[in-house]
Amino acid sequence: GLQRRFRNPNAAMLSKGQSYLLAAYLQIILWGFTLQYVKSYYPPYHPSTSPVPAYYDLNYQVSQNFPLIAFFNVLLLFGLIAVLSPHRQAIQDWARYWQQNISNSKQNRQNSLLQNLIWDEKSPALITILINLVIVTIPLAIWILLAPALNTHRTNNINWLIKVGSFKAILGLGLFITLMMIYATLAQRMLLMKTANRSLWAIATVAAAIFLPPMLLGMLGVNASKIPILWLFSSFPWIGIEYATTTTVFIALLGELSILVLFNLQLIRQVKLAGESATKALLAEA
């Protein structure tokens with residue numbers, strides 16, 4: 001990162017390709033240190049029964065390390081949003097080049113656009129953030145699906161997962177991915193502003209989107225057990241998932257997806273306008 005910034009002070013600390021490798025590497029590290037084949041679980045001792053020897057319990061290991069896995073992954077994702085999201089001038093250059101030099105073939109245009117969004121550092125980083133989100137959540141999704149089958153000793157380590165249900169937990173992951181994409185879209189839209197304090201606006205907007213909804217719900221005394229759907233639309237949807245029905249979680253997911261689509265349509269319009277204004281400025285100079 002320092003080498004990249006030394007050569008070009010306006011470059012991102014990481015390329016998009018490097019971000020994929022970093023996200024995958026961190027998952028190998030976090031889950032590798034979590035899933036150690038050692039006798040990790042010590043059943044509770046009752047005086048009326050003989051002690052049960054310790055045994056290997058994968059679910060126990062994951063439940064013990066899950067807070068750390070979640071913390072480092074959320075930190076990574078917000079860091080990638082900050083590092084990879086290009087500013088207005090970079091997106092203007094990319095949009096102008098795209099509009100002027102792209103092939104007229106619809107198929108080639110779609111393929112080239114997708115490749116640009118995945119690899120080009122000047123293009124909006126939303127597809128890159130989505131790929132990193134998928135990399136981060138795949139191991140957790142696999143564990144959620146396998147955890148009930150791995151509970152051969154019938155311990156209470158995954159009682160919360162059994163109570164919630166694997167399908168609803170997967171929907172919860174979908175809520176998390178959608179929320180992170182909404183935050184990334186908000187940050188990218190703020191970075192397209194013409195003001196010099198774009199970065200501060202992006203940080204303030206994302207922070208408000210994260211903290212204001214749960215603060216308001218807390219101050220209004222909204223109980224997750226009574227009105228879980230409101231908590232599903234906050235930055236802490238897991239509070240409401242336990243009390244919400246599967247249908248309610250699915251409706252909340254559709255609602256957040258609709259918000260995400262609306263934000264991205266507005267972002268696409270902003271990018272097009274930025275590219276057109278840059279092209280008109282160049283033609284005027286010529």
Side-chain angles (χ1 to χ4, degrees), residues 20-80 130-180 210 214 218 223-225 228 231-232 234-250 252-253:
Y20 306 141
L21 293 175
L22 176 62
Y25 177 70
L26 185 62
Q27 302 320 300
I28 294 172
I29 293 295
L30 291 175
W31 288 88
F33 279 112
T34 294
L35 308 180
Q36 297 295 316
Y37 192 75
V38 294
K39 294 180 179 180
S40 57
Y41 186 69
Y42 296 83
Y45 171 70
H46 298 284
S48 59
T49 60
S50 58
V52 180
Y55 52 82
Y56 172 69
D57 191 331
L58 184 145
N59 289 334
Y60 174 77
Q61 292 182 345
V62 175
S63 62
Q64 291 295 300
N65 287 314
F66 180 77
L68 285 175
I69 293 174
F71 173 77
F72 282 113
N73 277 326
V74 169
L75 194 66
L76 169 72
L77 291 169
F78 278 115
L80 291 178
L130 178 60
I131 293 173
N132 281 301
L133 275 165
V134 171
I135 293 172
V136 165
T137 54
I138 279 178
L140 185 57
I142 292 173
W143 174 70
I144 288 173
L145 294 173
L146 295 180
L150 296 172
N151 192 25
T152 55
H153 294 279
R154 301 293 186 268
T155 62
N156 58 359
N157 297 316
I158 58 168
N159 281 353
W160 64 272
L161 180 59
I162 294 172
K163 183 179 180 180
V164 169
S166 297
F167 182 68
K168 202 157 53 169
I170 293 295
L171 289 178
L173 278 183
L175 284 173
F176 169 73
I177 292 174
T178 307
L179 279 170
M180 291 300 299
I210 294 172
N223 196 324
S225 61
W231 283 97
L232 295 178
S234 73
S235 50
F236 298 97
W238 299 103
I239 298 175
I241 285 177
E242 180 181 352
Y243 304 102
T245 63
T246 303
T247 304
T248 303
V249 178
F250 188 71
L253 179 58

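You'll find the side chain of Q27 reaches within 4.5 Å of the side chain of N73, heavy atoms only. With contacts defined as side-chain heavy-atom distances shorter than 4.5 Å, the pair W238/L175 does not qualify. With contacts defined as side-chain heavy-atom distances shorter than 4.5 Å, the pair Y20/V134 does not qualify. Using a 4.5 Å heavy-atom threshold, the side chains of T155 and Y60 count as separate. Using a 4.5 Å cut-off on side-chain heavy atoms (C-beta onward), L77 and F176 make contact. Under the 4.5 Å side-chain criterion, counting only non-hydrogen atoms from C-beta, T34 is not in contact with L58. Side-chain contact between L150 and I158 is absent, with no heavy-atom pair separated by less than 4.5 Å. Looking at I177 and L130, their side chains come closer than 4.5 Å, going by heavy atoms from C-beta outward.
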Checklist entry - Step by step, would you call D57 with N157 a side-chain hydrogen bond (donor to acceptor under 3.5 Å, both in side chains)? => result CA-CA 9 Å; D57 191 331; N157 297 316; 3.2 Å; yes
Checklist entry - What do the steps show when you test F33 against N65 for side-chain contact (heavy atoms from CB on, under 4.5 Å), and what is the final call? => result CA-CA 9 Å; F33 279 112; N65 287 314; over 6 Å; no
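At most 12 non-hydrogen atoms from other residues, nucleotides or ligands lie less than 6.0 angstrom from CZ of F250. Within 6.0 Å of atom OH in Y56, more than 12 heavy atoms from other residues, nucleotides or ligands are found, so the atom counts as buried in its surroundings.
Looking at N59 and W143, their side chains do bring a donor and an acceptor atom within 3.5 Å of each other.
Here the closest heavy-atom approach between residue A147 and residue L161 is recorded as CB-CD2, 3.6 Å. Nearest approach of L179 to S234, heavy atoms of both residues: CD1-O, 3.3 Å. When every heavy atom of L232 is checked against every heavy atom of G240, the shortest pair comes out as CD2-C, 3.9 Å. Residue V62 comes nearest to W31 through the heavy atom pair CG2-CZ3, 4.0 Å, listed as atom of the first residue, atom of the second, then distance. Annotation for E242 and K168: closest pair O-NZ, 4.1 Å, computed over non-hydrogen atoms. The heavy-atom pair separating G172 from I241 by the smallest distance is CA-CD1, 3.4 Å.
A distance-only check finds no donor-acceptor pair linking the side chain of T248 to the backbone of A244 [under 3.5 Å].
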